[in-house]
Amino acid sequence: MLDAFVQGFLHVFAWPTPGYLLLGVMMGIILGAVPGLGGVIGLVILLPFTFDMETIPAIALLLGMFSVTSTSDTIASVLLGIPGTAASQATVLDGHPLAKQGHAERAFGAAFTVSAFGGVFGALILAVSLPLVLPIILAFSKAELFMLGVLGLTMVGSLTGRVVVKGLLMACLGLLMACVGYGQTMPVPRFYFGFDYLLDGLPLLPVILGLFAIPELIELAAKNSSISQTIKSDSQKGDLFEGVKDAFRHWGLTLRCSLIGTYVGILPGLGSSIVDWIAYGHAVQTAKDKSKFGTGDIRGVIAPEAANNAVKGGSLIPTVAFGIPGSLGAAILLGALIIQGIQPGPEMLTTKLDVTFSLVWTIAIANIIGAGLLMVWCKPVARIAFIPGQLIIPAVITFVMMGAWLTGVSIGDWISVIVMGFIGYVMKRGGWPRPPLVLALILGSIMEQTFQISMRAHQGPSWLWERPIVVLLGLLCLITIALAARGIIKTKRDETDKDTEAGEGNERNALISLPFSITLAALFTYAAIASLGWPSSAARFPFAIALPAIAMALFTCLIDARSLRSELATAGGLGPLWSTTKTKIQARKSAVFFAYLLGLLLLSLLVGQKIALPVYVAVYLIRWGNYAPYIAIGYALVAWGILIAFYDRVMHLVWYPSLLSEWLPAYLPEGLPLWLIF
Amino acid sequence: MTLRSKTGAILCTAALSFATTFTGTAQADDFYEGKTIEIIVGFEAGGGTDSAARIIARHLGKHIPGEPNVIIKNMPGGGTLLAQNYIYERAKPDGLTIGFNPFQVMAQVTEREGVRFNYSDSTFIAGVLAPGFMAGVRHDIAPGGIHKPEDIKTIDQPLKYTGRTPLHSIDVLATAAFDLLGMEHVYVPGYNGSADLTTSMVQNETNISGAGSIHWLKHLTPRLIDEGEGTGLFQFGVLQSDGTLAPDPGYPGVPLFRDFYKQALGTEPSGPLYEAFDFAERMQGTASWIVVGPPEMDPEATAILREAYAKAVNDPETVAETLKVEHVPYGHIGFDIAEGILAELANTDPAIAQFWKDRLAKQSGGY
């Protein structure tokens, strides 16, 4: 085995492999940094180029790119509060507050260091645990995966914010949203309201982009300042190095989260979109002082970033050894490996172990190179935090909307972003934490699928107490819940009503929160009633979620009503309270921001996205940003160029067939390059 | 996701554009000269349907006078319903937009919610046949294992079928075949993809399964059959030009379903279930994938594309590339064979349609 370990290493260093690896890493950095793009898109773009290449260089190019997207996605998470890819959602919680305090570089320093460490350590863990991989995979049938999903869901306890029941209720909402569309196991479409778009369920990316990006952008737009609320000063010099030191200071956490990442990666089906939450939850649970989490605790950056790089090495093993891809990215990678003549199978762990190790080494080395390059490049990038926000917003909106469009090429994706953006805004302002919703949305469909299969395969619920690993995981869930409950009670006692509104789910605006509570109560009641008409397999899950959720929603209505009464007493009437709330939540500017987005949507329906997006960019800069027309038009032309060059020519996207594109071409002479505008 | 799009996957709709784009050299006055044909695929890039569509599309342009660009566009969603509805309802009948999607005939027969397309009214261009399906079992369902057809009478374990969704063409045929054989089983739907299906069989979470060729040859064979833990039971065969079914050479020694039935039970299959099965088998045996344009597509374009698909599927380069993925080349089904089937589909016996609707409702029911 040691021989294969060394052989694999030598493969990676045979020219031209290192050259392709470097090229892949550089592409991966860019794809990870832009919100809405990511490793999967990179694989699809690069794949055709590798058909005629030698095996190892081709793999180096693909894996090099794929490995580092979860390092550079930190940039958008920290600077913009938008997860660069699904793997760095949890980084937002503490990374973005750090950027607002002017410490983006520190977050980068820590994140890149632990990313590199996680990638390398993950690879080493893999090397020593190869003999364990097959037994682990075979021991985890759907029953065990279901319990693992439940365990992941208990992490919600660490993500709830000030009012615990609100966090739990948001988890219920996420689970309910996971039920939209055809169920995992039954051809009964649920909650789709006649829209074909919803038949397949709510796509994750538009939901995440809407939920996190839009509220942050509104805040940035309304503040009319830069992302960092402090001016760049000498005190931030050496911040990057401080971050590196942070990583070493918390080496135990780094180590544990790398382990979590690797082993979650090995288990098929869970994958990278939840590992960051699990790692974050672990960091909160094991911390002695939990008070800073959510407001810029560096440990909240370290944990998810260490885990989300380690997960990639882990997910590679079941992919190559058993043809079981743990994620969509791994599935596409599997296709690429087969084209390259690498047949997945147990011999990848025996006679072809050197090839497997060269894959593992590629990931490790790519992670080191990626982190190194980012350390050098992040200083200028971090300056984005100090430039006027109005200049950033149009570009980010363009990438966010196109990222959402990429998921389903449906106008429904844009509507999802805007609707989820509105919900995210209400949640943020009303003190409702967003992470439990996202975590539950991801876990919901996995849990429903594994639950249904287990119930059918075992003809009843006996698997819940007859399978040892299920029982063990169940006990772990109970312990986690008990610990979380104790932690919450303790925190409550320690800082009873400390007047902080910072951090996810801590804002207090009863005028916003109460209507949301009432809406939720109505929504869950509707869900319970609607599910009564379906066959039991389709109804079971939403019904089981809705019942406790109705009770919780009624409870939050009470809490909100009580807060509203005290807020009314303090303000002296509804009129004055509304006017203070209006100022606090920047109601007018937020409404205008949504109006801009709706305008973009309508304009796209009329004249198409290739015209509408640049128009949005220009209008926004002139009207809201007060920039000179020549700057705005230049900016818009660049945006248009990216739409054409990248999304149209490289990605071959289907664009929305606008009204104008339906009738105008008939009146134009043939042979015009209409693809430039429609 | 189990790799289903909704859970976590960031679906990617990008096209492998470079590989499929052909810029034609100019020929005079041809219908397709200087134009671009868009082929809409209802899945994300990278899956089985997508790769079949791409392999054939790469060699389509050169068989069309004027050598137009041919590009694949992915429009995932609703299990290809979005793409198939789009072609049927919204695409212009100018011969520039066509669809390459699974022939989901049972979705039409059972009037699945969301289905608004209709194969009989669409403009048929080509059917493409992948290798046939087969069915396999674990040996430990019977005390001495399953070594000959008669052994199914000795089964003493509860049977659990590794299911996808009740409308999946493999599940439709395989579960009906097991029922015909009297192999009573629990249908366990919800598995996604060959690896997921295989792992379940290896773990003995389920113990009988229907399989396509990649699933059987690349997953089940090394992980279950070669280990001596399971065996192939019967196969559904490949449609021949004379309308009969022949065994697929990729499954040597695995008998055709009707031969297996005769040997196991000593009679010919018959009865209402068999009639419904026979209908489904003929419908689905017509094509794995169907290439269609919107209703009333330009007749000139239709004729050109029908001919071009016939040549492209059988093109030696297509065959060579197909063999990298499958064990036998794709087959081409022309309008001559499809015409009768599509007419029969338009006039499906209401009793048979009702049978499949009821069966679908039963299989979708709860535990």
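Not measured: the values here are computed from a predicted model.
With salt bridges taken as basic N to acidic carboxylate O contacts below 4.0 Å, one links A:E448 and A:R190.
Among A:S410, A:A139, A:A457, the residue with the largest count of heavy-atom pairs under 4.5 Å with chain B is A:A457.
Looking at B:N204, neither its backbone nor its side chain comes within 4.5 Å of chain A, counting heavy atoms on both sides. Heavy-atom distances place the side chain of A:Y192, and not its backbone, under 4.5 Å from chain B.
B:Y86 meets the ring-ring contact (aromatic ring centres under 6.0 Å, His included) test with no other residue; sequence neighbours excluded. Qualifying ring-ring contact (aromatic ring centres under 6.0 Å, His included) partners for A:F191, counting only residues two or more places apart in sequence or in other chains: A:W534.
Taking the six-membered ring for Trp and thresholds of 30 and 60 degrees, A:F451 and A:F146 have ring planes inclined between 30 and 60 degrees apart.
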